[in-house]
Structures are given as C-alpha cells and as structure tokens.
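Here's the structure we're looking at; comments come further down.
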Amino acid sequence: MEIPEYNPKEIEAKWQKIWEDEGTFEASHDKSKPKYYALIEFPYPSGEGLHVGHPRSYTALDIIARKRRLEGYNVLYPIGWDAFGLPTENFAIQHKIHPKLVTKKNVARFKEQLKSLGFSFNWSREINTTDPEYYRWTQWIFLKMFEKGLAYKAEIPINWCVSCKIGLANEEVVNGGCERCGGEVVRKVKNQWLLKITAYAEKLLNDLDTVDYIEKVKTQQRNWIGRSEGAEVDFPIADTDHKVTVFTTRPDTLFGATYMVFSPEHPLIDEWKDKISNMDEVEEYRQQSMKKSDFERTELIKEKTGVELKGVKAVNPVTNKKISIWISDYVLMSYGTGAIMSVPAHDERDWEFAKKFDLPIVEVIKGGDVKKEAYTDVDDGILVNSGFLNGRPMKEAMEAMIDWLEEKGLGRRKVNYKLRDWVFSRQHYWGEPIPLVHCEKCGWVPVPEEELPVLLPDVEHYEPTDTGESPLAKIKEWVNTTCPKCGGPGERETDTMPNWAGSSWYFIRYADPHNDKEFASREEMDYWLPVDWYNGGMEHTTLHLLYSRFWHKFLYDCGLVPTSEPYQRRTSHGMILGENNEKMSKSRGNVINPDDVVEEFGADAFRLYEMFIGAFDQSTPWSQQGVRGCRRFLERVWKLQEFLTDDEGYSPELEGKMHQTAKKVSEDIERMKFNTAVAALMSLTNEFYAVGRVTRDEFKDFLILLNPIASHITEELWQRNGYEGMLNQQRWVVWDEDKAIEDVVEIPVQVNGRVRGTTTIPREASQEEVRIKILEDENISAFINGKNIVKEIFVPGKIYNFVVK
RNA sequence: GCCGGGAUGAUGGAAAGGCAGACAUGACGGACUUAAAAUCCGUUGGUCCUUACAGACCGUGCGGGUUCAAAUCCCGCUCCCGGCACCA
C-alpha cells in the first residue's frame, strides 16, 4: 500500500467535519451512564482573537474529556462566550459600531479559531451572556437576591476618571491613573448596588474544606476572605450619651489604649460639628483625604498624618481615663467599625502615629523596649500595667478581658472579615440592565418575573453622561415607566451589571442551555452538577471563583440547585510567555498567533506542543523550534505505518514498554503531567523505530493513548490501517501492573555512597544472590577489597550500597 | 512587610530519599544528495587522564546540617515570578 505524506491540513479538516456531522462530542441525554463534567473558563471574545494562552487550558481539559469518553463516561465539555464588558464597549465608542455587532464579529472569529484546533466542545450547548435568553436568567437570579435582602444600595466611593468622566473598575486603575487616558483618578461617592457576599463569608471559607482545589487557590481565597477573631469594645464619649464601638484583635491590650483614631469618613464627625473646636482644620483634612485616590492613600505610607478632634474625648472603659480622639486616613471606613482603639506600645502603625503626635505610649506586655519601637512579638508575653490582668500570659489575658467586657456589657466577642460586599453597579452600557424600577411611593420595585428580560435598549451613543450616569439614563422613553406595584410613574435603574454577573452561573446553564421556562431544569442539574473538573487562570481565584461560589451557595440555600459547591475540583495553568521570556503582549511585539502555528504545523502539532512545552502549572516561554519538534514527532508517528506487521498482541521485546507507557500516560494525564505523558509516547515511538517493527495491537494501543492529545492524526491512522469503527468509539487502554514491571533490572552498586558500577539482576533476587554477583565484578570489588565492610544496604530493585572503612 | 511558587546542561524541561539531566530543542560529526533542505544514524554537563577500552574528580542559586545515600528532608540566606498590602 502506498503511504501518502502526512498532510495535517487535509486530515484535520476531514475529521473536524466528521465529528461535527455525527455530533460525536454531544453529551448524551441518556442518564444511565456515569457523567463527567469538564469545564474551562469561557472566553471573553476580544477583538484580538485567540491567544496561545487560551488553548493551554482548553487542550488540557479536552484531553481529560476525550479520555473520559474512552473510559465510558457521558461527558459534558461545553463552551460559550462571556461577552459583556468594557473592551467591546470602548471599541464600539471608538468606531461607532453597536457593541452587539462587535460581539457578533468577535465571537465568529473565536469560534472559527477554536474549531480549527479540533476541541471536543459540545457546540450545540453554546451560550452567550449577552443573549437576552441568557441574561433574562442573570436578571432573575439578581431579583432573587434582591428579594432575600442580599442586594442593597449604598453610597460607595468609586474610582472616577476626571478627564473621561467615567467610573472605573479597580483593575482599570493603573498606577493611580486611568488605564485609558492616563488621567487623574479620584474617589467619587456614588449610590450603588451591592451584593452582600459578606453574608456568605463563613460558608465560603469553611466549605473550602469540602472541595478539591489546588492548595494555592484555597490559600488565596482564605487570605482574601481574611477572617480574624477578636472583640468589639464600646468606648463612651465623655460628657455625652454617645459611645463608639471599635473592633480589635487584641482586647488583652485594652489597658494600653491611650487614644482613638477615626476614619476621616466616619459619620459621627458630622454629628459632633458643634462640639469640635477645630472643625475647619478637621474639614480640610477630610477634604484632602477625599481627593486622594486609594492608590495615594496606601502608597504614601511613609509618614502618618492626622488631626485631633479637639473638644471631644473618649473614655477608656477599663482605665476610665479620658483619651483623645483623632482622625487619620490610615483607618479605613470599610473595615471593622471605621474607628480603632490605639495601642501604640504594641502596634507598629499606632506607634508611628503616637511618636509623630507625641501621644502617650504605655507598655502592657513585658519584653520589648516600647520607647524604641512597638513590641509586637508577644505571643508568650506577660501582661503589666493592666490591673486585673497583671502577671497573666497574653492568651489567657485575652479570654479574661473578653469575659470581663461581656459581663459588664462593654463589649463582645466578634469575628471580622476583610472581604467586602460586591459593588454590583456599573455606569456603562454594555452589561445586563438591573431589573428594578424606582417609584416615589414604593421605593425600589423589582420588574415582574414574566416581564424579564429587561432588554438593553439601543442608544445613539455609548459614552457615559457628564454626571457619570450610564448612557441608558439619556433614553427618557426607556427610563420612564410605570411602577409594577402601584402603577404610578417610575424610573428604571440605569446602572448595569458588572461582567462578573453572567460568569457567576454559566456552568449551570450549560446543563440545560435552551430551557425557556427555568434557568435550568432540576433533572438536568441533578445529573450534571457539580462540575467535576474546572481549570482556569490564577487571576480569577479571588473574583470570579469566589463570586460564582457565592451565587451557587445562594441558589443552593434557596433550594434551586442540588449542590452547595459548584466545582468539585479546581486546577490552574501557568502562563505562556513570549519567546523572549516576557509576558506576551502587542506592545512587546512577542505575540504568537495560534492561526499561524496551525497553518504552518497543523492543529495536532500545536496541541501537542502546548502540552509538551513544560510543567502545566508553571509559566514557560514559547518556542517555535519546539513546535517544529512536535511536528517532527507526528511525522515519525505517521511513518510507523511502514513498520506495521500483521502480528497480533504485543511483541516480547516491547511488551514491558507497552504496559509501562499505558500506565505512565494514564497516570500522568490525571496528574496534569502532560509534558511527561507526551515524552513517554515519544520514547515508545523511539522504541518502535529501534525495533523496526510494530504489531497491529501495539500500534492500536499507541494510537488510543495518543488520541486525546493529537486527535486528528490518530483517527486518520486508525481508519487508514483498517481498524474497526472510529477511534473515538474505542475503550481506553488497560495495562497489567505486573507486566509494567521489568523482570530483570539493572541496579547501581555504591561503595560509600558513590556509584562504582551496576549489576543486572532478576527483580526478585535475594540480597545474598545479588551480593555474590557484585563481588564477582572486579571493577566493583576493587573498591572493597582490603577494607572492612561496616554495613550493607540493599533496597530490592533499587540499589546496593557497601559502607567500608 | 505578609502569603504562595520557583532557581537543574547552550535552551524548554525530567527525576515523589536510591545511577542527576528522561523527552525535546539547539550545536557538532557521519550517511544520503551534483548541492541544499528534509530524513536517518551517532556525539553532546564540566574538568582531568588515556592510543583506545576504561577511569578519576567536580556538578541541581548560596552557606550549613541530617542520612549508607539529598535536586528531593531540616536550618540560615540570595535572587526571580505571582498575589495581598496601614484590615486594627
């Protein structure tokens, strides 16, 4: 039989068409089979097109998905588009094209690119977050949250670009300036919708113990949630009925609290206007810190600043001494109560502040020199200058103080979190409209369920208004509506949702993407959820991953989804860098376009290289030479046909290697050691060449093992060489553990830990047998003769070591 | 500052206490070719020794330690990458 040249272009197009025509990778509706749900983060269809970083994750889970199918699972491996968001909106503004059209164009391009790579996505379940049939349910879930009191409005400072007159997301503020124009960014208070994710802080934290996420992800989430235990303490304000509550993790040091500091935004300051004698000075400080961006407030940490509130004093509830009250921007309104008790002797920040303003420093834990610096290494410290706590160790003092506070009604045990509520409003066009109507009489009223979706209306211009409202505010006929409750005049909310909204539940929709009655049917969710394996980037650990866990837990508490966690397993891939070892970016000019690679080397070579490039969880530079090497390997695989014999079974000389390779490839794929799985297949191929023959069964199993990675060439070789059916209908290779172990092994022989030779022995050989054989070897025994053997270590099948003197 | 991760040939990387450098890339040599490419075969950590076969010593960021045996475990550093950062 004449063997044509390996022509990836032809065979890749051929198999992609067959798979599509036959619906090969459609998840079955037959629920008798065990299911497997593999998920990758659905892409944002940017105008740049696919980047070589995307397919790293997609190929990895494509391999898992394909392997699971060969193992007999009913696999769901879906794809969709996270298409709302700023880049599209900005492009639309610049080019005066409707974002809908921009999105459509970008999606088409991404789709074509993804299809050319031959991923086994379930295309009939494709979803798009900007599709009204999809965002109808995003709005619906939001309304559920609103109903349960988890969505609320609050005055929240946003990042405001003075020149663009636009609110920016935190990630759009780069080095204190606007990402787009580089202009000044200040804080501007706006009335915004927030979601009460903090209500789920405890669950989000504790339930990390129930899921299989890589440790790095768990740690980052734990840090982000930032749970800390302590107490709230009430400080009475002298000569008033007021009291101010603070949160502290160190109630044991209360005797050392010599003054208080409020955040400049603290609302009590306004209430005390008349009492504060230096209100001008105070106001000026407040104005200044208001103008400062978050960046300045946190970066300029060299010197503490602040102003005393003259005319008011607080009382330390345990010493009963009057203490002064200050304001300073190192105290954040958004954490704890917005006010702190200051213990300069044992807190670095307080110490700096006290030094600067010459405030009293009282040592309450023995051991340091509080005149020189704050003494904070106090875990085993003993209390001093602390009344009833004197002489007690710190941990005990902590408990005693809290008990005392609770007894006297002056304080209570308290847990605090760094996690903040989720600012859910965007003053942009290209997002889901928030489905609420404001009525003078009834307040905020949800749009009735049957009227969803609230459609995004067409506008002339996508720029925000001068006041920073979203462009929707300009469409009076859309804004002005009737109150769903009382029928009176009402106004629609013009803020839209952030693009984290649609991605917070998309994996649920995949289970039942065309359902027009519910967000997904219970039956489909019961079968498919949770996601078995979710791979994505580390950059989504604290936002997307946490947000979607929050939404899912909320839905679970409403009895709407069957599991309390959305994702059973979460892994993460490393970045692919440019050939110069720098992050790939247009501006650095080191971007590799997957289309070009596929054009030159083929999709199989591309996928193979994406996996062979290096450790999956590590970042690593691209190498065009490396792709060439993978293409070369596929050429060698193609030529194996020339060595194909009519023999069945494994040949004696390759039997061990076949079993070893099956085991190695299977196990490495599960551990995401794709690079070594590929290496094992290359190594086996080298063996086939060395032997110069390959039996039908050897070739068959080799093709199955290679199929998840290089899917087109293996299907083609399967068909060309007369194997039955299609490769994707076969079963994964079963290996025999015993046969994967060599009967005869070569072990190193050491003398005093240095390798002096090797010996080949039967695996089961006894120490005595091995010993005799070794001592027969003159090269080795030369190192032993004339010396005393002190000790001999024999690890069967591994090593023999003589210790001599 | 805090929390992760990392550092191994010229390069990407392999090695879950047991022969460091699998598998590739590149380089060099050979075969084929009028020639080149492609392909195939071989060599390729360093230093020394040797006609050769062989052999010796050194070597996994740096300094110590544990062990018969350390890239791997422990202690102390350096540098790089990622995340968080006045969170009371």
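Lettering of chains follows the sequences in order, A, B, ..., and the numbering in each one begins at 1.
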message: For a side chain to side chain donor-acceptor pair (under 3.5 Å) check, start with the C-alpha distance between A:Lys773 and A:Thr760, then their side-chain angles and the critical distance, and finish with the verdict.
response: CA-CA 9 Å; A:Lys773 184 137 191 287; A:Thr760 304; 5.4 Å; no
Side-chain ion pair, [X] and [Y], N-O less than 4.0 Å:
X        : Y        : value
A:Lys663 : A:Glu667 : yes
A:Glu265 : A:Arg286 : no
A:Arg771 : A:Glu769 : no
A:Lys218 : A:Asp212 : no
A:Glu303 : A:Lys356 : yes
A:Lys196 : A:Asp421 : no

Rounding to an integer number of angstrom, what distance separates [N] and [M] when you compare their [atom1] atoms?
N     : M     : atom1 : result
B:C41 : B:U47 : C1'   : 29 Å
B:G63 : B:C79 : C1'   : 15 Å
B:C73 : B:A69 : C1'   : 13 Å
B:G45 : B:A35 : P     : 32 Å
B:A56 : B:G64 : C1'   : 27 Å
B:A52 : B:U67 : P     : 43 Å
B:C49 : B:G4  : P     : 50 Å
B:A20 : B:G1  : C1'   : 38 Å

field: A:Lys304 charged N/C atom sitting above A:Tyr330 aromatic ring, 6.0 Å / 45°
entry: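 That pair qualifies as a cation-pi contact.
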query: What is the nucleic acid contact for A:Lys418, judged by heavy atoms within less than 4.0 Å: base, sugar-phosphate only, or nothing?
result: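 Base contact - A:Lys418 has a heavy atom under 4.0 Å of at least one base atom.
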- request: Output every pair passing salt bridge (charged side-chain N to carboxylate O under 4.0 Å, His left out) with a member in residues 621-638 of chain A, not counting sequence neighbours, ordered by first then second residue.
  value: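 Every pair satisfying salt bridge (charged side-chain N to carboxylate O under 4.0 Å, His left out) with a residue in residues 621-638 of chain A: A:Glu600-A:Arg628, A:Arg631-A:Glu635.
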- line: Quick note, salt bridge (charged side-chain N to carboxylate O under 4.0 Å, His left out) partners involving residues 246-256 of chain A, not counting sequence neighbours, are A:Arg250-A:Asp252
N/O (side chain, A:Gln625) to phosphate O (OP1/OP2, B:G26) under 4.0 Å: yes
- prompt: Under 4.0 Å: is that the gap between some side-chain N or O of A:Ser228 and OP1 or OP2 of B:A88?
  reply: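 Result: yes.
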- request: Ignoring hydrogens and angles, answer whether the base of B:C86 and the side-chain atoms of A:Lys304 contain a donor-acceptor pair closer than 3.5 Å.
  value: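 Yes, the side chain and the base share a sub-3.5 Å donor-acceptor pair.
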task: Record whether the side chain of A:Glu348 comes under 3.5 Å of the base of B:C86 through a donor-acceptor pair of N or O atoms.
output: no
Polar atoms only, N or O, under 3.5 Å: list the protein pairs with nucleotides 42-51 of chain B and their distances.
none

Per-nucleotide protein contact string for nucleotides 66-72 of chain B, where B marks a base within reach and S marks sugar-phosphate only (heavy atoms under 4.0 Å, - for neither): --B----
message: I'd like to compare against my own output: the B/S/- annotation of nucleotides 12-17 of chain B with a strict under-4.0 Å heavy-atom distance to protein.
response: BSSSB-
Please find out if less than 6.0 Å separates the ring center of [X] from that of [Y].
X        : Y        : answer
A:Tyr689 : A:Phe643 : yes
A:Trp326 : A:Phe262 : no
A:Tyr259 : A:Phe353 : yes

- prompt: If each of A:Asn686 and A:Gln220 is mapped to the nucleotide of RNA chain B with the nearest heavy atom, which maps nearer the 5' terminus, i.e. the 5' end?
  reply: A:Asn686
message: Assuming nearest nucleotide by heavy-atom distance, tell me which of A:Ala679 and A:Ser334 is located more 5' along RNA chain B.
response: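 It is A:Ala679, whose closest nucleotide lies nearer the 5' terminus.
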Residues in ring pair (Phe, Tyr, Trp, His ring centres under 6.0 Å) contact with A:Phe688, at least two apart in sequence or another chain: A:Phe702
task: Quick one: list whatever passes ring pair (Phe, Tyr, Trp, His ring centres under 6.0 Å) with A:Phe616, sequence neighbours left out.
output: A:Phe674
message: A:Glu373: which residues meet the salt bridge (Lys or Arg N to Asp or Glu O under 4.0 Å) condition with it, sequence neighbours left out?
response: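 For A:Glu373 there are no salt bridge (Lys or Arg N to Asp or Glu O under 4.0 Å) partners, ignoring immediate neighbours.
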query: Under the side-chain hydrogen bond (donor to acceptor under 3.5 Å, both in side chains) test, which residues partner A:Glu363, sequence neighbours left out?
result: none
message: Output the pairing pattern of RNA chain B as a dot-bracket string, 5' first, Watson-Crick or G-U wobble with both distances under 3.5 Å, | for cross-strand pairs, [ ] for crossing pairs.
response: (((((((..(((.....[....)))((((((.......))))))((((......))))..(((((..]....))))))))))))....
Close N or O pairs between protein and nucleotides 52-58 of chain B (under 3.5 Å):
from  : atom 1 : to       : atom 2 : distance (Å)
B:A56 : OP1    : A:Arg756 : NH1    : 2.9
B:C58 : OP2    : A:Arg754 : NH1    : 3.1
B:C58 : OP2    : A:Arg754 : NH2    : 3.2

- prompt: Do other residues, nucleotides or ligands put more than 12 heavy atoms under 6.0 Å from the CD atom of A:Glu348?
  reply: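 No, the 6.0 Å shell around CD holds no more than 12 heavy atoms from other groups.
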message: Without decimals, in angstroms, what is the distance between A:Trp224 CH2 and B:C3 P?
response: 18 Å
Between the protein and nucleotides 36-40 of chain B, list every N/O to N/O distance that falls short of 3.5 Å.
from  : atom 1 : to       : atom 2 : distance (Å)
B:U39 : OP1    : A:Arg632 : NE     : 3.4
B:C40 : OP1    : A:Arg636 : NH1    : 3.0

